[in-house]
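Chain naming here is simple, since letters A, B, ... match the order of the sequence lines and numbering starts at 1 in each.
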Amino acid sequence: MPAAKKQPPIRVLIAKPGLDGHDRGAKVVARALRDAGMEVIYAGLRQTPEAIVQAAMEEDVDIVGLSILSGAHMALIPKILELMRKERSGRIPVFVGGIIPDEDARQLRKLGVKAIFGPGASLEEIVKSAKRLAGRAS
Amino acid sequence: MSPARRFPPAAQALIDGDRRALARLITGAENDDPGAREVLRAIYPHTGHAWLIGLAGPLGVGKSSLINALLAHVRSLGKKVAVVAVDPSSPFSGGSVLGDRIRLDRPPDDPGIFIRSMATRGHAGGLARATREVVRLLEAAGFGIVLVETVGSGQVDVEIRQVATTSVVVLVPHLGDEVQTLKAGLFEIADVFCVNKSDLPGADRARRDLAELASLGSVDPGWRVPVVATSTTIPSGIPELWQAIEAHEHYLDSSGKRLEGERRRLTQEILALAESRFVADLSRDPSLPRRVEPVLAHRIDPETAARRWWQERRKGRA
Ligand code: B12
Ligand SMILES: Nc1nc2c(ncn2[C@@H]2O[C@H](COP(=O)(O)OP(=O)(O)OP(=O)(O)O)[C@@H](O)[C@H]2O)c(=O)[nH]1
Ligand SMILES: [Mg+2]
């Protein structure tokens, strides 16, 4: 028991839904969040929406991060959001990265995605966004 | 459980099998929240019977892959099983990447499985501080078997014995010299040896070497440490590994060693918990800064300063 209690670390799930082998971005983001003091549960490649929602619940994460470069985002992300609502995880903020055309990004935001980052996005901005979504804006 | 006992609502939800309540309470235990403390107090009388199987061993030997295989096997036997996978926190940022889940693929709708990743948060010895409490929460939620993966490290993590009823030490072929240096440590903790990646060359040799070491005797003279060869890629040896684990659990019951082990673990746990309170209390002692000065000036040595402090506090003059 430390004398002065620190804030517990933010817990983030980083997952790659669907059949998408591009994992560099997800790993880079996972490391950046770790270096910012967060606990990142890296679920790895080829996750089904069901597995992602289950992991978010079991790990009791503050944020869910999805990385998709395959083009399947409009099929996968709405499915995940819907499952999360069904499984009473609807309050967990979701942010997304990868290859997401602007028009799709607009629609995904409407469906509830909190933030979207594309190629070349600054890691600093991603960390800031995660803190904000976890309610820990510094 | 009789409703007359009136558990706190979160504890009741836990016992009723609410997985979300379980997940939240685990976070609470990790963060040392008062609400989780209350639940832990309430459920304690109903815990202590779970099989806690620890998997320890060097980095990348296949601990997570084995847990994945054991999960499927244990589920096929119809038992509920939980996994606690521990990874290190960065000493610099305090953050961590918890990656053991990558290897664990299971039907996501199976309520007989619960998987949780934990960071060490600065705790040494390959486990997180709250591991024992998390295991109790899992047991209260009906998970009578809990598989605990420790931090992979060069040394074998002695602390696994602080949690596990059965400790499995996982090695791979061609650890030759490493096994030699680990030897003493290995025997302090292994109840079962597992030579994983036995699809690779050298597995027979490794198994013979370990069997020879094991025959020299273990810390518990009543238990002969079995050596099981496994491969998660073929796969092979998984039912045999589980049988070896079961055999050890049954040995604990038939020999009365379960109680002995639990007494040792609880003694350690109480000591560690008391110690952290003492240390917190000491570090707040207003006399501490003035005690440093004569040591800084090299008039007295640190040990003398510490001893005087201790003696004065005992007399209640601190
Ligand atoms: C490297 C690469 C590969 C490597 C992947 C290696 C690996 N293990 O990752 C290889 C060669 C294997 C590969 C294969 C393929 N690729 Co490729 N590949 C690329 C390339 C050139 C760069 C991707 C990359 O790693 N970038 C570096 C990382 C750091 O950036 P990033 O992933 O974008 O991540 C950043 C942001 O997006 C964001 N971010 C990403 N994830 C997340 C998650 C969260 C939570 C947050 C907050 C932020 C975030 O933050 C990161 C930091 O800025 C892109 C083109 C491009 N410019 O993006 C094509 C690209 C992604 N590939 C493409 C394609 C089509 C393929 C293939 C199907 C075949 C092909 N034509 O080559 C195969 C499929 C492989 C598979 N199994 O899925 C297309 C996808 C088209 C689409 N979606 O419409 C792209 C866009 C190329 C193109 N212009 O056609 N590819
Ligand atoms: N050839 C072979 N490779 C295996 C076997 N089991 C696991 N592996 C591989 O070994 C690597 C590490 O496996 P993990 O299960 O992640 O090992 P771990 O001990 O949990 O690793 P850490 O948690 O990082 O210490 C992976 O690439 C696995 O595919 C096996 O039986 N045979
Ligand atoms: Mg592992």
Side-chain angles (χ1 to χ4, degrees), chain A residues 1-17 23 26-62 65 80 83-84 86-92 127 130-131 134, chain B residues 18-28 30-34 37 64 82-85 87-90 92-111 113-122 128-129 273-284:
Chain A
M1 265 131 281
K5 251 197 194 168
K6 290 187 302 182
Q7 284 231 57
I10 297 169
R11 286 171 68 86
V12 190
L13 176 72
I14 297 287
K16 287 196 59 69
D23 61 357
K27 284 180 171 162
V28 167
V29 169
R31 276 195 291 269
L33 298 177
R34 175 199 63 191
D35 293 343
M38 302 181 203
E39 291 182 358
V40 182
I41 293 95
Y42 182 59
L45 296 170
R46 283 179 269 282
Q47 297 288 305
T48 63
E50 288 79 10
I52 290 171
V53 174
Q54 174 80 295
M57 190 273 285
E58 289 180 346
E59 301 288 354
D60 192 26
V61 291
D62 303 297
I80 292 169
L83 271 175
M84 284 178 71
K86 248 207 322 242
E87 302 287 324
R88 296 186 293 147
S89 294
R91 49 145 207 112
I92 307 175
V127 167
K131 285 186 179 163
Chain B
D18 179 338
R19 299 165 66 80
R20 180 172 313 278
L22 170 60
R24 296 234 168 102
L25 283 167
I26 293 176
T27 306
E30 284 196 278
N31 296 346
D32 205 12
D33 288 344
R37 289 253 143 268
S64 301
V83 177
V84 177
D87 278 308
S89 299
S90 155
F92 305 107
S93 72
S96 67
V97 174
L98 308 167
D100 297 308
R101 249 192 130 92
I102 296 172
R103 310 266 173 236
L104 305 176
D105 84 80
R106 46 57 119 101
D109 55 353
D110 182 354
I113 294 178
F114 193 97
I115 299 171
R116 181 68 176 230
S117 315
M118 287 176 83
T120 54
R121 297 193 182 177
R129 175 197 57 79
L273 289 169
E275 181 184 304
S276 66
R277 282 175 190 278
F278 284 129
V279 169
D281 188 39
L282 280 174
S283 60
R284 280 193 297 263

Segment of R121(B) engaging chain A (4.5 angstrom heavy-atom cut-off):
side chain
Pick one of side chain, backbone, both or neither for L282(B), based on which atoms fall under 4.5 Å of a heavy atom in chain A.
neither
Atom [atom1] in [X], atom [atom2] in [Y]: separation rounded to 0.5 Å?
X	Y	atom1	atom2	answer
D62(A)	T27(B)	CG	OG1	8.0 Å
L98(B)	L13(A)	CG	CG	10.5 Å
I41(A)	I115(B)	CD1	CD1	12.5 Å

May I ask you to name which of E50(A), R46(A), M38(A) has the most heavy-atom pairs under 4.5 Å with chain B?
M38(A)
Contact origin within M57(A) toward chain B - heavy atom pairs under 4.5 Å
both
A15(A) portion near chain B, given a 4.5 angstrom heavy-atom threshold
neither
Do R11(A) and E30(B) come within less than 4.5 Å of each other through their side chains, counting heavy atoms only?
yes
Side-chain touch Q54(A)/R19(B), heavy atoms, less than 4.5 angstrom:
yes
Look at the side chain of R101(B) and the backbone N and O of Y42(A), then say whether any donor-acceptor pair between them is shorter than 3.5 Å.
no
Testing the basics here: between I113(B) and E58(A), what is the closest heavy-atom pair and its distance to 0.1 Å?
O-OE2, 3.6 Å
Decide side-chain contact (heavy atoms from CB on, under 4.5 Å) for R116(B) and D60(A); before the verdict, give the C-alpha distance in whole Å, the side-chain angles of both, and the deciding distance to 0.1 Å.
CA-CA 9 Å; R116(B) 181 68 176 230; D60(A) 192 26; 3.6 Å; yes
Interface check, chain A: of P107(B), A85(B), S117(B), G94(B), most non-hydrogen pairs under 4.5 Å belong to S117(B)
Could you please spell out the steps behind the salt bridge (Lys or Arg N to Asp or Glu O under 4.0 Å) verdict for R34(A) and D87(B)?
CA-CA 12 Å; R34(A) 175 199 63 191; D87(B) 278 308; over 6 Å; no
